[in-house]
Amino acid sequence: MNHIAPQEQQALPVEGEQDGLPAELVRLAGYVCGASVPPQALADESALLACAPAAMGAEQRQALADLAATAAACRELKRKLARAESFLSGFAEHSPSPLWIKDRHGSYVMGNAALHGFFGVPTVVGMDDSHFWPEDIRHSLEEQDRAVLENGETIKTMETSHDGTRHWLVHKFPIDVGGEPFLGGSAIDMTTEVEKERALIRHDNFYVLLSRLSAIITRAKTLDALCMDTCRFACHQPGLEIVDIRRVNDASGALELFTSAARDGTEHRWHERDGASPAEVVADWFPPELAAAAAASGRLQVSNHQPGAGHRVASSMAIPLFVNSKCWGVISFYSHRPAFFDHFYRERAGELGNELSFGIERLVNAQELFRLARTNALSGLPSRLHFDEEIAGLAAVNASGTVLLININRFDEISSAYGNTAAIGLMRQVAQRLREKVADRMALSHVGIGRFALFYPDDEERSPRKYARDTIIPLLEGSYQVDQHKIWCTVNVGAAMLPEDGTSADELLVKAWDALAGSRAQEEQIGFYDRDADHALARQISMEAELREAVERGEFVNFYQPKIDLKTGKLAGAEALVRWRHPQRGLIQPTEFVPVLERSGLVTQVGRNVMQQAMEDWRAWHDAGLKPPQIAVNVAPAQFRCDSLFDDIERALNTAEAALKPLSIEVTESGLVADQRRVVDILNRVRELHVPVAIDDFGTGYSSLAYLVTLPVDVLKIDRSFVVKMTQDANYMGMVQTIVQLAHTLELKVVAEGIETEEEAKFLETAALRAGPGLPVRAAIAGRGVRQAAGEVNAGRTPGISFSTSGQCIGLVRQINA
């Protein structure tokens, strides 16, 4: 350690000292003794007293003793001072931190070896800061020194070397030496600590980046948003200047700029640039070779030397990004600091790349799922889901137009005949023709097997019907070469209007299909949805629910229509007719509800109830002493498909007593032809119960003589339509005559239904007489003329015949049998 005096001065004796003792003590001892005393005599009280004369008094001897004690104290103080100076010298000289003391003028009066080593001089004593620092730094240091000396306060500052590689924590503090001010100082090397702190900050910043990236990935809905937000946030991390993301072009394999952001706020979405393609765009901050190498190798690439690069870029790092185990692109980071991307960044680049790759993979896969869900895999056209969304969007903006549903006719048969592969090939060719011809704005979609739909806007020049007739049908109909097969294809088109017929794809496609089915039934190629028919269907569906409740509540009642023998004029039978007594609407005619009963399947239950009620009524009349006629009950085709029909007939017969032959049944021609073998088997068993069988509405159905000969029937019923037209057209008169003759030949009875006027009864009688005298023909009296016709036929003997419910049947039969 350098002391206050230079090293060479420390070897000389200090003026005024003798043998290490103050000269004053030696002189004082000689004065007391009256003679010179050697300095070493002061080392011991006995030795000092030995130098005293014998005649010395007690007070003088005490003074010598005190001098000896004082000398001993001086020697002890000097020893302690030397020890303290040794401690201080050893501490200062071996301290790794520079230590110094300056006087009030700024000159160094002390400096340790570390300070000498820092300045590169053997000693700093007698020098000032002008010897070591440039003028600007020297002025700054002098200002700090002046503040310490003037204010008496300690100052702490952090100083950094010119190249930024070393850092010191500098303390400057005042020292008072006997009223004289000095300035002490120390400089502790904090380079390692600063680097550790910076490393922690970098760790924190990096994990903040990862955390923020996780949040960006979670909320990002599109690739563009994810990539731009990543670049935008990352470029503001300490030390980074620019961040960009490039993606691999699936077609060419080249890297193309996708998004980028810079610290100065500059942002680019390169994939949205007009003009040059992204592959032709070159950023001015860095050539693409590093990113290309990262994409090609699949490994991190770092470059810490970028001569001539723009934006003051000095180093860069490129991290490959992977989606589904395939390189999707590269994220690149750029810094203006040389060698910025050190071991720390290289170790953690994988974490960042994996995190961003995960987010991109999630969105890419979601986009692919979205595309697949909205694309028909067979044809490549947009799917039904896509069409649903398109129509919903159009409805939301109050658009208007027509949905055209295009159906490949007999597609199932084509698939069965030529195989599924050929059918799919045909469907793809049809889709390709539509894709080439239909405008993009028409939302063409593949909505089902062999079915396509498009939206035809109202603002098109041609009407939707004309577009379908002149464009769609000629485009699709004709011959297709599918593999080795030549397939002829026809189409039908159904149409429904937005918003009149519905505001969703479901509604419009269902109604367009109804229109298409209706057009095929009428052998037309184009059909438009009939809203009136839809309302009628809605009423029928509503009625079906009411009918089910009516069956449970027993609202159906039997009315009986009499049958009159035209030859005798007497009652020959009756027919049970079902009526619905609605609690609010009153009596409802069968033409309104029977078709709904048949479609809903309720006709089986209602038919069973009608037959059972008819036999209960017949039994009530018989028990009342009357002679009730045989009652005919209609059996619907659906009842023949029910396994319980024969048991129902047998149970009803037993109610009325089968031996009295109270029951006959009537079957329509359609019911006979459908599943003929089953029907014939049931009818044969029924006839074994002595129940006659009549063919109802003869002449309106198939009227095949072949089945008429083989069927087990007893009666032909001429349909009312022939009876009505017989009075207007001679041809129908001849037809009725022919039916009567046919029945006579087959030994069948004949019933003509629905005689309402005297004229109809006379015409029928004439036809019967011409067909064959003596042939029994009966007329089923019905409708508004029942009273008049029945009264005249019965020669006034049965006045007041009218329709009757089951509760009034006894009165009706009593009148007839009067």
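For clarity, every value in this text was computed on a predicted model and none was experimentally measured.
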Please report the shortest heavy-atom distance between Leu321 and Gly353, naming the atom on each side.
CD2-O, 3.8 Å
Would you please say whether a donor-acceptor pair under 3.5 Å links the side chains of Gln525 and Glu477?
yes
Show the numbers, then the answer: is there a side chain to side chain donor-acceptor pair (under 3.5 Å) between Asp719 and Ser721?
CA-CA 5 Å; Asp719 188 72; Ser721 63; 2.6 Å; yes
Main chain of Pro457, side chain of Glu460: is a donor-acceptor contact present, judged purely on distance under 3.5 Å?
no
Nearest non-hydrogen partners of Phe593 and Ile588, listed with the distance:
CE2-O, 3.2 Å
From Tyr467 atom OH to Ile526 atom CD1, the distance as rounded to the nearest 0.5 Å
12.0 Å
No-hydrogen, no-angle side-chain donor-acceptor test under 3.5 Å, Asn376 and Ser383:
no
So, the side chain of Ser252 versus the backbone of Ala254: is there a donor-acceptor pair under 3.5 Å, distance only?
yes
Derivation of the side chain to side chain donor-acceptor pair (under 3.5 Å) call for Asp458 and Ser400:
CA-CA 6 Å; Asp458 271 352; Ser400 59; 2.9 Å; yes
Strictly by modelled atom types, are Arg433 and Tyr480 linked by a side-chain donor-acceptor pair under 3.5 Å?
yes
Would Ile406 and Ile473 count as a side chain to side chain contact (heavy atoms under 4.5 Å, CB included) here? Give the steps.
CA-CA 9 Å; Ile406 305 160; Ile473 292 176; over 6 Å; no
Can a side-chain donor-acceptor contact be found between Ser504 and Glu507 if the only test is distance below 3.5 angstrom?
yes
Ignoring hydrogens and geometry, is there a side-chain-to-backbone donor-acceptor pair from Asn492 to Glu524 under 3.5 Å?
yes
Could you tell me whether a side-chain N or O of Glu361 sits under 3.5 Å from a main-chain N or O of Asn324, the two making a donor and an acceptor?
yes
Any side-chain heavy atom of Val635 within less than 4.5 Å of one from Met611?
yes
Heavy-atom closest contact (Asp388 atom, Ala505 atom, distance)
OD1-CB, 2.9 Å
Apply side chain to side chain donor-acceptor pair (under 3.5 Å) to Trp328 and Ser357, showing your working.
CA-CA 8 Å; Trp328 178 89; Ser357 293; over 6 Å; no
Just do the salt bridge (charged side-chain N to carboxylate O under 4.0 Å, His left out) check on Glu549 and Arg553 with the steps written out, would you?
CA-CA 6 Å; Glu549 295 177 355; Arg553 292 195 294 259; 3.5 Å; yes
Nearest heavy-atom neighbours spanning Ala515 and Ala495:
CB-O, 3.8 Å
Looking only at side chains, do Ser445 and Glu390 share a donor and an acceptor under 3.5 Å apart?
no
Let me see the working for Phe640 and Leu683 under side chain to side chain contact (heavy atoms under 4.5 Å, CB included), right down to the final yes or no.
CA-CA 10 Å; Phe640 280 98; Leu683 292 181; 4.0 Å; yes
Test: Arg374 cationic atom under 6.0 Å from Phe370 six-membered ring centre, within 45° of axis
yes
For residues Asn407 and Val491, determine if any side-chain heavy atom of one lies less than 4.5 Å from a side-chain heavy atom of the other.
no
Under the criterion salt bridge (charged side-chain N to carboxylate O under 4.0 Å, His left out), I'd like the reasoning laid out for Asp501 against Lys511: C-alpha separation, chi angles, the key distance, then a yes or no.
CA-CA 7 Å; Asp501 297 330; Lys511 292 176 180 179; 5.7 Å; no
For Leu602, the option from Val596, Val594, Leu597 that meets side-chain contact (heavy atoms from CB on, under 4.5 Å)
Leu597
Sorted by chain and number, sequence neighbours left out, side-chain hydrogen bond (donor to acceptor under 3.5 Å, both in side chains) with Asp440 holds for none
Steps toward side chain to side chain donor-acceptor pair (under 3.5 Å) verdict (Ser379, His446):
CA-CA 7 Å; Ser379 64; His446 189 168; 2.7 Å; yes
Working note: Glu256 + Arg247, criterion salt bridge (charged side-chain N to carboxylate O under 4.0 Å, His left out); need CA distance, chi angles, decisive distance, verdict.
CA-CA 5 Å; Glu256 299 176 349; Arg247 65 178 301 178; over 6 Å; no
Assess Arg246 against Phe258: is NZ or CZ under 6.0 Å from the centre of the six-membered ring, and within 45 degrees of the ring's axis?
no
side-chain contact (heavy atoms from CB on, under 4.5 Å) with Ile245: of Leu226, Leu356, Leu257, Leu223, only one passes, and it is Leu356
Inter-residue atom distance Phe559.CZ - Glu575.CD, 0.5 Å rounding
14.0 Å
For Phe455 and Leu508: C-alpha separation, side-chain torsions, deciding distance, then whether side chain to side chain contact (heavy atoms under 4.5 Å, CB included) applies.
CA-CA 10 Å; Phe455 175 76; Leu508 293 168; over 6 Å; no
Spacing of Lys486 atom NZ and Gln481 atom CD [to the nearest 0.5 Å]:
7.0 Å
Can you tell me how far CG of Asn634 sits from OG1 of Thr668, rounded to the nearest 0.5 angstrom?
8.5 Å
The reported gap from CD in Gln429 to CD in Gln432 (rounded to nearest 0.5 angstrom) is 9.0 Å
If every non-hydrogen atom of Ala261 is compared with every non-hydrogen atom of Glu267, which pair is closest and at what distance?
CB-CG, 4.0 Å
Where does the angle between the aromatic ring planes of Tyr418 and His485 fall among parallel (under 30°), tilted (30 to 60°) and perpendicular (over 60°)?
tilted
Derivation of the side chain to side chain contact (heavy atoms under 4.5 Å, CB included) call for Gln605 and Arg608:
CA-CA 5 Å; Gln605 179 63 40; Arg608 180 185 301 118; 2.7 Å; yes
Restricting to non-hydrogen atoms, name the atom on Ser260 and the atom on Asp244 that form the minimum distance, rounded to 0.1 Å.
CB-CB, 3.6 Å
With distance as the sole test, does Tyr529 use its side chain to make a donor-acceptor pair with the main-chain N or O of Val510 at under 3.5 Å?
no
Step-by-step salt bridge (charged side-chain N to carboxylate O under 4.0 Å, His left out) determination, Asp681 to Arg677
CA-CA 6 Å; Asp681 178 65; Arg677 182 178 299 177; over 6 Å; no
Between Arg465 and Thr402, is there a side-chain donor-acceptor contact under 3.5 Å, judged purely by atom types and distance?
no
Side chains of Leu547 and Val606, heavy atoms from C-beta outward: is any pair under 4.5 Å?
no
Under the 3.5 angstrom rule, does the side chain of Asn249 hit a backbone N or O of Ala251 as a donor-acceptor pair?
yes
Nearest 0.5 Å, please: how far is SG in Cys642 from CG in Asp648?
6.5 Å
Please answer whether the main-chain N or O of Gln584 pairs with a side-chain N or O of His582 as donor and acceptor at a distance below 3.5 Å.
yes
Are the side chain of Arg579 and the backbone N or O of Gln589 linked by a donor-acceptor pair below 3.5 Å?
no
Donor-acceptor check, side chain of Arg410 to backbone of Cys489, threshold 3.5 angstrom: yes or no?
no
Proximity of Phe452 and Phe387 rings by center, below 6.0 Å
no
